[in-house]
Amino acid sequence: MPLTLHNTLTRRTEEFIPLNPGEVKIYTCGPTIYGYAHIGNFRAYIFEDLLRRYLKYKGFKVTQVMNITDVDDKTIRDSQKAGVPLSDYTAEYKRAFFSDRDALNIEPAEYYPAATGHIPEMLALIEKLRDKGFTYQSEGSIYFRISSFPEYGRLSGMSFESLKTGARIDADEYEKEEARDFVLWKARRPEDGDVFWDSQFGQGRPGWHLECSAMSMKYLGETFDIHCGGEDNIFPHHENEIAQSQAATGKKFVHYWLHCGYLLVEGRKMAKSMGNFYTLKDLMDKGYDPLAVRYTLLSTHYRQQLNFTFDSLEASAAALKRLQDFITALASVKKTGECHQIENLIAKARSEFEASLDDDLNIAPALGAIFTMVKEANRLIADGEMTIAGAVKILQFLKSIDTVLGALDFSQPESDAEIEELIYLRNEARSNKNWNEADRIRDKLTEIGILLEDTADGTRWKKVK
RNA sequence: GGCGGCAUAGCCAAGUGGUAAGGCAGAGGUCUGCAAAACCUUUAUUCACCGGUUCGAGUCCGGUCGCCGCCUCCA
């Protein structure tokens, strides 16, 4: 079945057809590293990770670029507040971002270009725009004249008029011809301190929108397949990217624009002032497993608003535990021979899993199919019908779908002589009906995080997270 | 004011006009020395509200109420 994706540009769910067969080029708007990323940011990155992983699952070769915004108003402001050079200041948040990414099992993109590393590319783009007459200069800054780009507003559905009348008071004091115009190159100002670059346009620094156009075209070409971001990026950021890029090249910039919905916390917008603002570290400090956070952020359809609650986080942890316990149970099946029902069970789950994800990454029914299979397989285990061969097939299937989910752990606990010895002693005690001694040993193991399960095939143990 | 989205059980969340997936939590039971895990049974006569179309609507149309996002540098 073909993969379909909802394209913000057309407001339709369309079959995904890459420019080059078998290859997908994706640009994903990344973090501004002026602070620790919060779970709302990671909702977007996890959605993009799901897209990336599923494309790979479907056999596409994926090239993904995620920009790192390491110079803008906020990074400058906060680094000065902290009294450290900009690059030192952003280095810590960049490190934290990658560390959180790894903890959330988000696959690394192929490229993480930083804005400060691409000033020449941005200047070249401005030159191109200037030569084609799309820019004007005012008080040392270069602006993009939106009235010169008639298609402006197509992505966001913003009309020319509403932009004029609805515009807020401009937050910065740069002079523009019209409020909706946006800055390409910001003239150096005293409050920028030592953060500026020399250029043919004078000393200054790039505007935010510019980096995404310059860096995406550098790494992916003037036209590429998919561009993602949060829905709040649709306007003005992505609208401006389209204007800049298409004005410069005369070509279509991006074929599919994908945007994920906002994350709410306990039904409200996440905000520091509301006390419901969480970074990954905040949740880990509360004892939550980052993979449970991943599962929570992953398990709601990406275009839906996601209501993050601690109840749902705990439900996610429990759901993952159910899957992990299932994996453990499969690994300890001892019966030999064939288990003929397994093939059908897997085929059904796989086809539902794929059909759902093919439908604009509809993850909820995909997960539903997995849990339905788990229940049926658990029944086979409980009835003593599961065989080693069947268990191996299911494990292979789970590994294959986990290349998409990225939430499971297939590592088997290493055998531990001390634990095995204690289990042996406990089972000795049990066979002598010395329950006090048996329970004493079990409690001792529980204290060091080892949980025992007595099954028909003997006692197995697992570590508790 | 303009543009867009959402309202489904205690919580999270699917649902493509044909009679409400799945997960978590809860209740009862089976297994177990007791647990753990698992299994079985059970948990929405009902999908914000009011109308309409239809043989039939959570699903389509209109309206009302509520919540959320964007409207110049927030994923």
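Proteins come first, then strands; the chains are lettered A, B, ... in the order of their sequence lines, and each starts at number 1.
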Establish, with yes or no, whether the OP1 or OP2 oxygen of [N] is under 4.0 angstrom from a side-chain nitrogen or oxygen of [X].
| X | N | result |
| --- | --- | --- |
| Lys321(A) | C24(B) | no |
| Asn362(A) | G15(B) | yes |
| Lys375(A) | C39(B) | no |
| Arg303(A) | G4(B) | no |

Classify the nucleic acid contact of [X] as base, sugar-phosphate or nothing, counting any heavy atom under 4.0 Å across all strands shown.
| X | answer |
| --- | --- |
| Asn41(A) | base |
| Asp181(A) | base |
| Leu263(A) | base |
| Gln304(A) | sugar-phosphate |
| Gly261(A) | base |
| Tyr262(A) | base |
| Arg440(A) | nothing |
| His301(A) | sugar-phosphate |
| Tyr45(A) | sugar-phosphate |
| Leu452(A) | base |
| Gly40(A) | base |

Whole-Å distance between [N] [atom2] and [X] [atom1]?
| X | N | atom1 | atom2 | answer |
| --- | --- | --- | --- | --- |
| Leu367(A) | C24(B) | CG | C1' | 13 Å |
| Glu314(A) | C11(B) | CD | P | 16 Å |
| Phe235(A) | G5(B) | CZ | P | 18 Å |
| Gln305(A) | C74(B) | CD | P | 19 Å |
| Tyr152(A) | C3(B) | OH | P | 18 Å |
| Glu231(A) | C3(B) | CD | C1' | 12 Å |
| Glu376(A) | C40(B) | CD | P | 9 Å |
| Arg430(A) | A35(B) | CZ | P | 13 Å |

Taking the side chain of [X] as heavy atoms from C-beta outward, which of [options] is closest to it?
| X | options | answer |
| --- | --- | --- |
| Ala438(A) | G23(B), G33(B), C70(B) | G33(B) |
| Arg460(A) | C73(B), A37(B), C74(B) | A37(B) |
| Arg11(A) | C24(B), C68(B), G4(B) | G4(B) |
| Phe371(A) | C68(B), G22(B), A37(B) | G22(B) |
| Thr309(A) | C73(B), C11(B), A21(B) | C11(B) |
| Asp439(A) | C71(B), A36(B), G33(B) | G33(B) |
| Thr372(A) | C39(B), G22(B), A25(B) | G22(B) |
| Thr300(A) | C74(B), C24(B), A14(B) | A14(B) |
| Asn378(A) | G33(B), C6(B), A38(B) | A38(B) |

When you compare [N] with [M], how far apart are their [atom1] atoms, in angstrom units rounded to a whole number?
| N | M | atom1 | result |
| --- | --- | --- | --- |
| A44(B) | U19(B) | C1' | 14 Å |
| C67(B) | U8(B) | P | 15 Å |
| G69(B) | U54(B) | P | 40 Å |
| U64(B) | G1(B) | P | 12 Å |
| A57(B) | G22(B) | C1' | 23 Å |
| U42(B) | C49(B) | P | 27 Å |
| U43(B) | G28(B) | C1' | 11 Å |
| U45(B) | C31(B) | P | 33 Å |

Could you please name the partner base of [N], counting Watson-Crick and G-U wobble pairs only when both distances are under 3.5 Å?
| N | value |
| --- | --- |
| G33(B) | none |
| A27(B) | U41(B) |
| C49(B) | G63(B) |
| C70(B) | G2(B) |

Worksheet item: Does Asn67(A) use its side chain to pair, donor to acceptor, with the backbone of Cys212(A) at less than 3.5 Å?
Response: no
Determine whether any donor atom in the side chain of [X] lies under 3.5 Å from an acceptor atom in the base of [N], or the reverse, and answer yes or no.
| X | N | answer |
| --- | --- | --- |
| Asp454(A) | C34(B) | yes |
| Arg379(A) | A38(B) | no |
| Asp311(A) | G10(B) | no |

Discussion item. Return the CG to CG distance between Leu5(A) and Leu51(A), rounded to the nearest 0.5 Å.
Written reply: 6.5 Å
Response to the item:
Output for pair (Tyr302(A) OH, His6(A) NE2), nearest 0.5 Å, gives 7.0 Å
Worksheet entry | Residue mapping more 5' on RNA chain B - nearest nucleotide basis, Arg442(A) or Ala318(A) |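 Counting from the 5' end, the first nearest nucleotide belongs to Ala318(A).
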Practice prompt. Between Ser299(A) and Cys260(A), just flag the one whose closest nucleotide in RNA chain B comes earlier from the 5' side.
Written response: Ser299(A)
Item to complete: Mind running ring-ring contact (aromatic ring centres under 6.0 Å, His included) on Phe144(A) and Tyr136(A) for me, showing each step along the way?
Response: CA-CA 7 Å; Phe144(A) 186 94; Tyr136(A) 62 89; 9.4 Å; no
Verify the ring-centre separation between [Y] and [X]: is it less than 6.0 angstrom?
| X | Y | result |
| --- | --- | --- |
| Phe42(A) | Tyr278(A) | no |
| Tyr45(A) | Phe97(A) | yes |
| Tyr143(A) | Phe182(A) | no |

Item to complete: Check the pair Thr75(A) / Asp72(A) against side chain to side chain donor-acceptor pair (under 3.5 Å), numbers first and verdict last.
Response: CA-CA 5 Å; Thr75(A) 46; Asp72(A) 80 323; 2.8 Å; yes
Practice prompt. Please work out whether the ring planes of Trp257(A) and His227(A) are parallel, tilted or perpendicular, with thresholds of 30° and 60°.
Written response: parallel
Worksheet item: So with a 6.0 Å cut-off around CZ of Arg77(A), is the heavy-atom count from everything else above 12?
Response: yes
